[in-house]
Structures are given as C-alpha cells and as structure tokens.
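What follows is a set of notes on a single structure, which appears directly below.
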Amino acid sequence: MPELKTEHSTSRLAAVLRELAVPLVSVAIAAIIGSIIMLIAGFDPLAAYAAMFKGAFGGGRQIGETMLRSTPLMFTGLAVAYGFRAGLFNIGAEGQLFMGGLSAAWLGIVLAGMPRPLNIILMLVAGAAIGAAWAFIPALLKAKVGAHEVITTMMFTYIGRYIVSWLVTGPLKAEGQIPQTNRLPVESTLPKMHEMLPFLTPSRVHLGFVVAIILAFFIWWVLKYTSLGYESRAVGYNPWASETGGISVSATTIKALCISGALAGLAGVTEVMGVHMRLFDQFSAGFGFTGIAVALLAKNNPIGVIAAAILFGGLSAGGGTMQLEADVPQKVILIIQALIIFLVAAEQIARWVIGWTDRRGATEHAG
Amino acid sequence: MAPPLIELREITKQFPGVLANDKVSLSLKSGEIVALLGENGAGKSTLMNVVYGLLSADGGEVLVEGEAVHIRSPRHAIDLGIGMVHQHFMLVAPLTVTENIVLGNEPTRGGVIDFKQAREDVREISHRYGLAVDPDATVRDLPVGMQQRVEILKALYRGARVLILDEPTAVLTPQEVRELFAVVRSLVSEGLAVVFITHKLEEVMSVADRVVVMRDGRVVGETRPSDTDTAGLAKMMVGREVVFRVEKSPSTCGDTILEIEDLKVLDERRLEAVKGVSFTVCAGEVVALAGVSGNGQTELIEAITGLRKVTGGSMRLKGVDITHTAAREAIAAGLSHVPEDRHRRGLVLEFDLMENTILGDHRQAPFAKHGVLDFKAITEVTRKRIADYDVRTPSEHIKASSLSGGNQQKLVLARELGRDPDLLIAAQPTRGLDVGAIEFVHNQILAERSNGKAVLLVSLELEEVQSLADRILIIFEGQIVKEFVAGEASDEELGYYMTGGGGDKLSSGSEEVMTDARAED
Ligand SMILES: Nc1ncnc2c1ncn2[C@@H]1O[C@H](COP(=O)(O)OP(=O)(O)OP(=O)(O)O)[C@@H](O)[C@H]1O
Ligand SMILES: [Mg+2]
C-alpha cells in the first residue's frame with residue numbers, strides 16, 4: 001500500500017522516539033530521586049547538579065575528561081550489547097579487558113622502536129584477539145555442553161585478574177617498589193587528542209575515543225547490514241527458528257561471544273596505551289561491569305552505547321567537581337548510577353510515568 | 001429482558017497503518033454460542049483482545065451486564081467475568097494442572113497456599129462442567145487437547161461468565177474437537193456465553209447459535225447456521241465464491257526425490273519416536289503423512305530437515321545422502337520446510353517482514369553479497385512475496401509479531417514456497433488460514449507438484465490430506481502402518497488406522513519392525 005508511505009515514516013520516527021523515551025525518562029527520574037536524597041541529607045541538589053555539569057562539560061579540559069572516562073565504557077558497553085543481541089550475557093567483559101590490557105603492556109615493550117602507526121594497529125588487533133580468545137573457551141563450553149556463560153565468563157574474569165596480578169608482581173614487574181609493568185615507549189602509546197584539538201588541553205583524552213566511536217558505528221552496521229549480524233540477532237531472538245532457517249546456533253554463539261570479548265579486550269588495550277602507559281592491578285575501575293549498565297541504558301543499541309557511555313563518563317568526571325564545589329560526597333554519583341540502572345531494568349516504571357501502558361499497540365500478538 | 005452479558009458499541013482500534021476495528025458493535029447473551037468469522041487480518045483477535053483488556057480501544061465502549069466499563073487489563077476482565085483462551089496457550093509448562101488453574105487466584109490458609117483446597121476446587125469444577133482432567137498431571141506432559149481444557153478450567157475457576165476462544169480447534173484432532181464442542185454446549189446450558197473464532201465453516205454450522213462475519217475491521221453480516229450453508233458463509237467472508245475442492249490432474253511420478261530407509265529417531269525424552277520408517281517421494285507427487293499428533297510426525301520431519309539427530313537408517317535427497325546433514329545443507333540441497341509451529345520455528349517474531357523473508361537464504365545472492373545484506377533486493381523480493389501471498393500488512397517494515405495469525409502463516413508459506421524447492425515439507429501448512437487463503441495455498445502446492453516438485457505433507461486435516469495427496473501414509477506410534485492411493489480410502493478408514501486399528505493387518509515388512517519395537521519395551 002504505497003499511499004501509506006508518509007504515515008509509515010512518521011510511525012518509524014515515533015518508534016525511534018518511543019525507544020528513546022524509556023532511557024531518557026529513567027535518567028530524569030534518577031536525577032529527581034537523587035535530588036530528593038540530597039535534600040534529605042541536607043545538600044543543595046541544584047548546586048550539586050550545576051557543579052557536576054560544570055565538571056563534566058564546563059570547558060575543554062572537562063569535556064576531554066568526560067571523553068576519556070567514557071572511552072573504556074564505550075568498548076565494554078558495545079561488548080555487552082553485542083552479546084545481549086545474540087542472547088548472551090557476557091558478564092565477564094572485565095576479564096577480557098584485563099587480558100587485552102596485558103597483551104598491550106607486553107606487546108608495547110616488545111615492539112619498542114617500531115613505527116608508531118604500526119604499533120598502534122598491531123596492539124589493537126592483538127588485544128582484540130586475546131579478548132576474543134578469553135571469551136572463546138566459555139563460548140565453546142556454552143555451545144557444546146550448554147554451560148551458562150554468566151558463570152563461565154565470570155570465572156574467566158577471576159582467572160584473568162589473577163594472572164595479571166601475578167605477572168605485574170612477578171615476571172613482568174618493572175624496577176622499583178610498585179607492582180606494575182614497565183612504562184611503554186612513546187611509539188607504543190595512543191596520541192593525545194589535544195595534539196589535534198587544542199581546546200581539549202590539558203585533558204588526557206586519547207585517540208581511543210575516536211576508535212570507540214568508529215567501532216560503535218561499525219558494530220551498528222554489522223548488526224543491521226551483514227549476514228553475521230543478522231544471524232546473531234536471529235539466534236538472540238529465537239534460536240529454534242534460526243536453526244530451522246539453517247543457522248548454526250552453536251557457531252553463532254561462539255562467534256558472538258568472541259566478538260564481544262574482542263570489544264572488551266580493546267577497552268583494556270586503550271586504557272593501557274592511552275591512559276596509564278603501563279599495566280598494574282587496579283588499572284580498570286570495573287569498566288567491564290559498568291559496561292553492563294551502559295548496554296542496558298542503551299537498550300543494546302550501539303549508537304545508544306555512545307550516548308550512555310558519555311553520560312556515565314560525565315557523571316564520573318563531574319563527581320569530583322561536585323564534591324569540591326557543592327560539598328556533596330562523590331558517592332551520590334554511585335547512587336544516581338544505581339538508580340538509572342534500576343529504572344532502566346524495571347522499564348515499566350518509566351513507561352508508567354510516561355503514561356503509556358504496555359497495552360497500547362506494543363502487545364505481542366496472540367492470534 | 002436482562003441486558004446482554006456483554007455489549008460492544010462501535011469499538012475502534014487503530015494500529016499504525018491499519019484500522020483493525022472500525023466501529024464494531026456486537027452483543028452476547030447468556031446461553032448463546034457466537035462464532036466470529038472473517039478473513040485473515042479482519043480484526044477478530046484484535047476485537048477479542050480489547051474485550052479481554054489486552055488492548056485498549058481508541059473508540060467505542062464496552063458494557064458488561066448493561067454497565068459501561070473501561071477494561072484495563074486481563075486481570076480486570078477476569079474480575080468482570082470474562083475469560084479468554086488464546087490460540088497459543090499461556091500455561092506454565094513445568095507446573096501441575098492444579099497449580100496452573102489456581103495460579104494468580106490461589107486459595108490460602110494463614111497466608112500459605114492451601115493445595116488440598118485447590119485440588120478439591122479443581123476436581124469440583126472439572127466435575128461440574130464435565131471437563132475431566134488429572135489435577136496432578138504436569139502440564140508439559142499433556143496433549144494439546146488436554147492443555148486447552150486446563151485453559152478453559154482456568155477461566156471457569158476464576159468465575160468466567162463469558163468465554164472467548166481464539167481459534168480453539170486449530171490444533172485439535174477431530175475427536176478432540178467433538179469433545180470441545182460438547183464442553184462448550186454444556187457451558188452455555190449453565191448460562192455462560194461463548195464466543196469462538198474459527199476458520200472452519202463446518203464447525204460454525206454444527207455448534208454456533210449465531211454467526212458474526214467481519215471483513216476489513218467491520219462487521220459485514222450476521223446470520224444463523226439454519227439460514228445458510230458453508231458456501232454462503234464463505235461468500236460472506238471473502239466476498240466471492242470459494243471452491244472447496246481443488247482440481248487435481250493425475251500424478252506423473254518422475255525421479256525419486258526423497259528416499260527414507262528404516263529411519264529411527266529419538267524424541268526429547270530419548271525414547272524412540274520414529275521406529276524404522278521407510279518411504280519415498282518422487283518428483284511430481286504429493287505424499288501425505290496422516291496421523292494423530294504425537295505419533296512421531298514431528299520427529300520424522302525434524303530428522304529429514306536436519307534439525308534432529310538420526311539414530312538409525314538413512315535418507316537421500318535427489319540421490320545424495322542427507323542422513324547426517326544439518327539444516328543449512330538440507331536447505332542448500334533444495335529443501336523447504338513449513339514448520340508446524342510458526343511462532344517457535346517458522347518466524348522470528350521480533351524481525352520485520354523483510355528479515356523474516358530472507359531467513360534461510362540470508363547468506364546468498366540476491367539477498368547478500370560477500371556477507372553484506374542487500375536491502376534493495378530484499379525489499380523487492382519481500383514486496384513481491386507479500387503481494388503474491390496476499391499478506392495483509394501496511395508495509396514490509398513492521399514486525400512479524402504485528403501480523404495477524406493467518407498472515408504470519410502466509411509469510412512463512414511465501415518464503416518457503418518462494419524458494420522454489422525440489423522438496424517441500426509442509427506441516428499443517430494451512431493452520432489458521434481463512435478459506436480463501438487455503439484455496440490459494442492448495443493451488444500453490446499443486447502447482448509445485450505439476451512443476452515436477454516433490455511434496456511431503458503432514459496434516460491433521462483429513463480433508464486437506466484427501467484433496468491434495470497422491471498417496472497417503474498412515475503413521476501410528478512411530479511406524480507407517482498403512483498406505484493408500486489417493487481416493488482409495490474414506491475418512492473413516494483413515495481414522496481407523498490412525499488410531500491404531502490396523503494393528504493386525506500390517507504388511508509383513510512392518511510386522512518385523514513392530515516385533516522389534518516390542519522387544520525393546
Ligand atoms: N500488535 C499489533 N500491531 C500492529 N498491527 C496489528 C497488531 N495486531 C494486529 N494488527 C493488525 O490488525 C489487523 C487485524 O488483526 P487481527 O489479529 O485482529 O486479525 P484476525 O482477524 O484475528 O486474523 P487471523 O484470522 O489471521 O488471526 C491486521 O491487519 C494486523 O496486521
Ligand atoms: Mg487472529
């Protein structure tokens with residue numbers, strides 16, 4: 001019915017808005033509840049949010065800092081989102097991230113003296129590969145014997161973290177007291193972005209941010225426009241129909257979890273190459289786990305992951321300023337983050353606030 | 001005069017691009033059975049979902065016993081005495097019959113569920129309405145007909161005075177249908193009102209007091225079975241004459257396409273469901289596998305289509321061994337499969353019509369080149385399939401879950417037949433289709449046959465089997481117990497063998513297998 005064309009495209013726009021509404025409203029409710037908590041605790045929420053905003057977006061340095069903090073979350077958010085799309089809960093992104101970081105810390109030293117672009121590419125590829133490898137065994141166990149990936153990827157996270165702990169205190173330890181690896185030579189690090197965009201000076205944001213953004217669009221494209229992404233989504237939605245349509249559920253599961261692992265691995269690589277220039281025990285502030293929240297808030301949409309990661313990055317960048325200027329403890333940020341996650345997970349609350357009920361049109365067809 | 005139990009006044013429901021209900025009015029009196037009839041996508045399920053509180057109408061009002069109410073949710077509908085059994089049941093499979101029935105309405109004592117009381121209650125209502133069930137059976141283990149009974153009991157347990165049945169007979173055997181109708185009659189004699197949606201006109205003639213016909217979201221007519229016949233009903237629905245019996249030329253059996261030899265397959269519980277089955281299907285032939293559901297048909301088909309492991313015997317497609325190939329190779333070898341359960345195996349409901357159209361061919365030209373999907377080609381083919389199979393939809397961008405049940409089925413058929421397979425395996429291909437669509441699909445299947453394609457049809461509908469098949473194989477307890485040439489056997493004879501009546505008259509070949517099976521027990 002071609003005459004319905006215009007009506008149809010407006011309804012597609014409406015659908016996009018509907019998708020956006022729940023996350024946006026959830027964030028708004030979280031902010032409101034956050035201010036109520038601050039009021040009860042005797043703080044001024046308006047001052048707090050103003051300070052937070054200033055700390056996150058108030059100038060070039062602040063923006064750069066927000067970008068810096070959102071970078072690992074984009075990678076891990078994409079990792080978890082890709083898994084979810086294929087019906088897999090990669091709760092072990094943190095472990096894959098650690099292995100990615102490890103590979104960069106080691107390879108960066110090995111490649112000392114080589115041209116910088118070459119090093120960057122090799123280290124990114126290697127980190128993605130080892131992240132994928134770290135997810136491969138859980139993936140294989142899932143595909144062949146049905147072992148649940150939540151358990152196995154989590155176990156591999158412990159293994160990965162302990163391996164790193166051991167290596168940075170022993171075999172790969174740099175000279176001196178501190179358990180950490182040697183500093184990477186400059187040719188094995190990611191350039192700072194203020195070298196190209198001076199207004200970001202003196203923030204530490206590095207090229208990893210750009211890599212993450214490009215990758216988000218690439219993953220979006222893969223999911224929507226390739227046979228591989230199609231198969232991942234099909235299996236995520238309905239493995240029986242996928243199987244009937246000639247898709248190997250186990251092969252798709254393995255591929256999807258490995259892709260997820262590769263993305264998480266890149267988070268580790270870019271943290272090491274762009275921020276710390278070396279590896280140590282605490283180099284990740286739980287980015288793998290925050291990535292789960294990012295993916296949830298983004299409703300597993302890769303483009304949404306960009307926005308959600310920037311929000312979470314901004315919250316953490318602005319937290320310090322909030323504490324300094326409005327005298328509100330930084331922990332409030334954690335409360336707000338937790339509220340956002342809770343509200344997105346319990347989507348119904350936001351829907352209720354928006355004033356739709358599930359019954360309007362969205363109901364699954366029963367006939 | 002008492003007001004009707006339910007009265008619908010000018011109910012209107014708009015979906016994006018579709019006016020599903022356009023000022024529909026309908027009333028239901030105590031003690032009457034109303035059949036709701038209409039083409040696929042006419043708006044029947046939508047209307048009933050409005051009454052049951054699953055959808056909210058955009059206009060019009062619902063009156064329950066003369067009082068206008070806004071039904072907010074199924075919970076609310078139940079409180080108002082309205083019960084609904086969906087075509088796809090909503091039971092909790094691992095729970096028992098009793099637990100399912102009282103779920104959400106459990107009798108309690110001191111805050112704890114009183115299971116003894118619950119069992120008593122279940123026994124009591126099942127006795128009162130003549131709906132025999134075992135209260136302690138696990139729902140998962142029950143045949144479909146029994147599960148439906150549990151759904152009905154569940155509605156009655158919650159005090160339903162109006163019972164809505166959406167295509168209740170689509171999955172039932174003729175025997176189960178007769179039992180269901182007996183139950184329905186006893187319910188209305190107790191003062192309930194029953195609305196049932198169906199596409200089977202004989203059922204309407206035999207059980208309905210009143211028939212309401214919908215088309216394009218509107219009520220286009222109302223009649224009584226005594227004032228019309230099936231041809232008249234069909235005409236009211238579709239707006240034209242429908243030919244019920246398709247014309248069929250004699251079969252021209254060519255090369256053997258499918259060869260099954262002594263095939264053995266296990267079911268989920270690892271029991272042998274297919275116990276040494278052998279048969280062939282040749283080019284230009286329709287072979288029907290007839291049987292009561294649960295006699296190994298599902299496992300047999302899953303084995304042929306590469307979805308289930310084979311434990312013995314062999315299969316060849318066009319001479320090539322496919323005994324241990326996966327679904328992907330089977331599709332590549334020229335096999336198409338219309339699965340019996342469209343929601344589980346046939347469609348990815350969250351995918352749009354384009355994505356569903358390419359399922360199975362999503363790696364190949366013209367849909368994909370070097371692993372990248374070509375949406376221009378996909379759109380083109382999808383539009384063509386939608387047009388050819390008359391899938392009623394505002395566009396190819398909507399999700400399959402938004403199609404009406406029958407249109408979902410048409411989409412699966414369009415994909416599988418559109419692939420131009422050498423072998424078509426069609427399980428319940430016309431389940432949920434309206435008479436016009438059935439006529440079309442039957443002609444399509446026969447066109448495949450005249451094009452020299454092989455067709456294996458699995459159907460519970462004897463009428464369908466009789467009108468399409470060149471040969472009929474009767475499957476009972478995992479074995480082929482009898483073979484007929486088209487037109488040779490009456491429905492009664494088929495029914496006799498389907499229920500195991502032919503046990504003594506087995507041909508010597510099958511007898512051997514039979515002994516084997518017994519030895520295993
Ligand atoms: N959730 C939904 N979203 C969008 N459109 C819908 C939805 N549910 C139904 N429709 C549309 O409304 C129309 C009526 O659908 P409905 O399911 O009521 O048909 P039906 O008469 O039950 O058909 P069938 O006999 O095939 O089950 C169809 O065109 C369908 O595409
Ligand atoms: Mg319907």
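Below, chain A is the first sequence line, B the second, and so on; all start at residue 1.
A 4.5 Å side-chain heavy-atom check between B:L359 and A:I247 finds at least one atom pair inside the cut-off.
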Compile the donor-acceptor pairs under 3.5 Å between side chains in residues 333-340 of chain B and protein atoms, sequence neighbours left out, one pair per line.
unit_1: B:S336; atom_1: OG; unit_2: B:E416; atom_2: O; d: 2.7
unit_1: B:S336; atom_1: OG; unit_2: B:E416; atom_2: OE1; d: 3.3
unit_1: B:S336; atom_1: OG; unit_2: B:R419; atom_2: NH1; d: 3.4
unit_1: B:E340; atom_1: OE2; unit_2: B:T298; atom_2: OG1; d: 2.7

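Ring planes of B:F351 and A:Y230: tilted class, angle from 30 to 60°.
Counting non-hydrogen atoms of other residues, nucleotides and ligands closer than 6.0 Å to CZ of A:F342 gives a total of 12 or fewer. Other residues, nucleotides and ligands contribute over 12 non-hydrogen atoms within 6.0 Å of the CD atom of B:Q364. B:K399 NZ: 12 or fewer foreign heavy atoms inside a 6.0 Å radius.
For residues 133-152 of chain A, an interface with chain B (any heavy-atom pair closer than 4.5 Å) does not exist.
Taking each heavy atom of A:E243 and B:A327 in turn, the nearest pair found is O-CB, 3.4 Å. Residues A:G245 and B:H362 approach most closely at O-CE1, 4.1 Å, considering heavy atoms. The two atoms that bring A:T244 and B:I331 nearest to each other are O-CD1, 3.7 Å, heavy atoms only.
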Evaluate the side chain to side chain contact (heavy atoms under 4.5 Å, CB included) criterion for residues A:Y237 and B:L347: first the C-alpha distance (whole Å), next the side-chain angles of each, then the deciding distance (0.1 Å), finally the verdict. CA-CA 10 Å; A:Y237 284 133; B:L347 294 167; over 6 Å; no
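At a threshold of 4.0 Å, the pair A:E231-B:R363 counts as salt-bridged, since one of the basic side-chain nitrogens sits closer than that to a carboxylate oxygen.
Using a 4.5 Å cut-off between heavy atoms, B:I386 does not touch chain A at all. With a 4.5 angstrom heavy-atom cutoff, B:F367 does not touch chain A via any of its atoms.
For the set B:T305, B:D361, B:I197, B:I358, the entry with the most heavy-atom pairs within less than 4.5 Å of chain A is B:I358.
With hydrogens and angles disregarded, no donor-acceptor distance shorter than 3.5 Å links the side chain of A:N238 to the backbone of B:E350.
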